[in-house]
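Just so we're clear, the structure is a prediction, and the values are computed from it rather than from any experiment. Whatever order the structure lists ligands and atoms in, that order sets their numbers, starting from 1.
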Amino acid sequence: MQTFIYEAQIPRVIFGSGTMSRIAEEVTRLGASRAIVLSTPGRGKQLAAAVADQLGGICVAALATAVMHAPVQVSERAVDTVRETGADAIVAVGGGSTTGLAKAIALRTQLPQIILPTTYAGSEMTAVLGETADGRKITRKSPYMRAKTVIYDIDLSLDVPASVSVSSAMNAIAHGVEALYARDGNPVISNLAEDGIRSLVHALPPIMRDLTDRTARWEAMYGAFLCGAALGATTMGLQHKLAHILGGAFNLPHAETHSVLLPHVVAFNAPATPLAMQRLSRAIGEPDPAQALYALARRLDAPRSLKELGMPENGVDLAVQQAIVDPYDNPVPVEPASLRDLVRKAWSGATPYSS
Ligand code: NAD
C-alpha cells in the first residue's frame with residue numbers, strides 16, 4: 001500500500017525504423033528554422049551528414065566535436081559556434097557523448113534539443129549532465145536540458161560496434177537497477193525499469209550473434225528508452241556516483257565502468273532491497289541478480305575489471321575518499337570499509353561475492 005507521486009516528464013518520442021526522415025518536420029514543429037547538428041568525429045560525422053541532408057536549408061552548421069564526459073572547454077567552444085551561426089535548435093545524432101554536448105549547449109543557451117540516439121546510453125531521457133573540468137565530473141540538473149523530442153530510429157543503431165552495443169546496454173541496465181530501488185521510485189517507474197531490463201537482457205545475445213538483427217536492435221533500443229526514462233524520473237545512487245567519480249578522476253570509459261561496477265553494486269545493495277531484487281531476478285530470469293549480471297558480462301565479453309580499463313591500483317583509495325565526501329541516496333549506507341571492499345573487487349575483476 002505504497003503512497004507515491006508520479007509525474008510524467010519524458011520528451012515527445014518517435015520510435016521505429018526510418019524515423020530519421022521526420023527530422024525536418026520535428027524541427028519546424030518546435031517553431032525553429034536554424035538547426036545545428038552535433039555528433040562525434042569519425043562515423044558520427046557521417047551520421048551528422050545524413051541528418052543535415054534530411055534537414056536541407058534548415059541546417060546552419062554541423063559540429064563533430066562531441067567527446068566522452070562532456071569537457072567544459074568543448075561545450076564552451078560549441079556555444080560560441082551556436083551564437084555565431086544564430087542557431088535556434090540543437091539536433092544531436094549519436095551516443096551519450098553527443099547527447100551530453102547537446103545538453104551542455106542547452107544549459108547555456110536554453111535552446112530546444114532534438115536527439116537521435118544511436119547507442120543504449122539512455123541520456124536522451126534525462127535532464128542530468130555529468131560535465132568534466134579539472135579532473136572532476138560535476139553533475140548538473142536543469143529542466144532546460146530535457147530534450148523536446150527524441151527520435152529513435154533503429155536503422156541508426158545497426159552499425160554500432162559490438163563493444164559499444166554491449167557496454168552502453170549494461171549502462172542502460174544500471175539505470176533501470178538504480179530506478180528500482182530509488183527513494184523516489186514508484187510502481188509505474190519500476191514497471192518501466194523491469195520491462196526495460198528484460199528487453200535489454202533478452203536482446204543482447206542475438207545482437208552479439210548478428211549486429212544487424214533488426215528485431216533485437218528494436219528490443220534493445222526500446223529497453224534503453226524505458227531504462228533511461230526510469231533514471232530520468234528518480235534519484236541516482238551509489239552505482240552512478242561511483243561511475244561519475246571514476247570517469248572524472250581517471251578518465252575511464254563511462255559505459256564500460258558502469259558495466260564493471262554493476263554486479264558489485266547490486267550485491268552491495270541487495271540486502272536492503274528485496275522487492276527491487278525480486279523484480280530484477282524476474283527481468284533477468286535468474287535467482288541471483290548480482291551473479292547473473294557478472295555472468296552476463298562474461299558471456300558478452302564485456303570488461304569485468306577497472307584494472308583492464310586503465311585504473312591504477314592506488315586509485316581505489318582516492319575513489320573511496322571522493323565517494324564518501326558528499327552523502328547521497330543509497331539503500332545501504334555507504335561506509336569507507338565496505339565501499340573499499342566493493343571498489344577493490346571491481347578493480348581486480350573478482351566475482352561480487354568473493355572474499
Ligand atoms: P559514446 O557516445 O561515447 O559512443 C561510443 C562510440 O560509439 C563513439 O566512438 C561513437 O562515435 C560510436 N558510435 C555511436 N553511434 C554509432 C553508430 N551509429 N555507428 C558507429 N559508431 C557509433 O558512448 P555512450 O556509451 O553512448 O555514451 C557515454 C557518454 O554518455 C558519457 O559521457 C556519459 O557520461 C554519458 N551518459 C549520460 C547519461 C545521463 O543521463 N546524463 C546517461 C548515460 C550516459
**Asked** Are Ser17 and Arg214 close enough that a side-chain donor and a side-chain acceptor fall under 3.5 Å?
**Response** yes
Which protein N or O atoms sit under 3.5 Å from any N or O of ligand 1? Give atom names and distances.
residue, atom, partner, partner atom, Å
ligand 1, 2 (O), Gly96, N, 3.1
ligand 1, 2 (O), Ser97, N, 2.9
ligand 1, 2 (O), Ser97, OG, 3.2
ligand 1, 3 (O), Ser97, OG, 2.6
ligand 1, 11 (O), Thr40, OG1, 2.9
ligand 1, 15 (N), Thr118, OG1, 2.7
ligand 1, 18 (N), Leu156, O, 2.9
ligand 1, 18 (N), Asp159, OD1, 3.2
ligand 1, 19 (N), Asp159, O, 3.4
ligand 1, 19 (N), Asp159, OD1, 3.1
ligand 1, 26 (O), Gly96, N, 2.8
ligand 1, 26 (O), Thr119, OG1, 2.6
ligand 1, 27 (O), Gly96, N, 3.2
ligand 1, 30 (O), Gly96, O, 3.4
ligand 1, 32 (O), His69, N, 2.9
ligand 1, 34 (O), Lys137, NZ, 2.9
ligand 1, 34 (O), His254, ND1, 3.3
ligand 1, 40 (O), Thr126, OG1, 2.7
ligand 1, 41 (N), Val128, O, 2.8

**Request:** Could you verify whether a donor N or O on one side chain and an acceptor N or O on the other, from Arg217 and Ser165, lie under 3.5 Å apart?
**Result:** yes
**Side-chain donor-acceptor pair present, Thr234, Asp184, cut-off under 3.5 Å** = no
**Request:** Could you go through the salt bridge (Lys or Arg N to Asp or Glu O under 4.0 Å) check for Glu25 and Arg29 one step at a time?
**Result:** CA-CA 6 Å; Glu25 188 185 328; Arg29 189 178 170 274; over 6 Å; no
**Asked** Is the backbone of Asp341 close enough, under 3.5 Å, to the side chain of His264 for a donor and an acceptor to pair up by distance?
**Response** no
**Item:** Flag side-chain contact, heavy atom, 4.5 Å: Thr139 against Val128
**Value:** yes
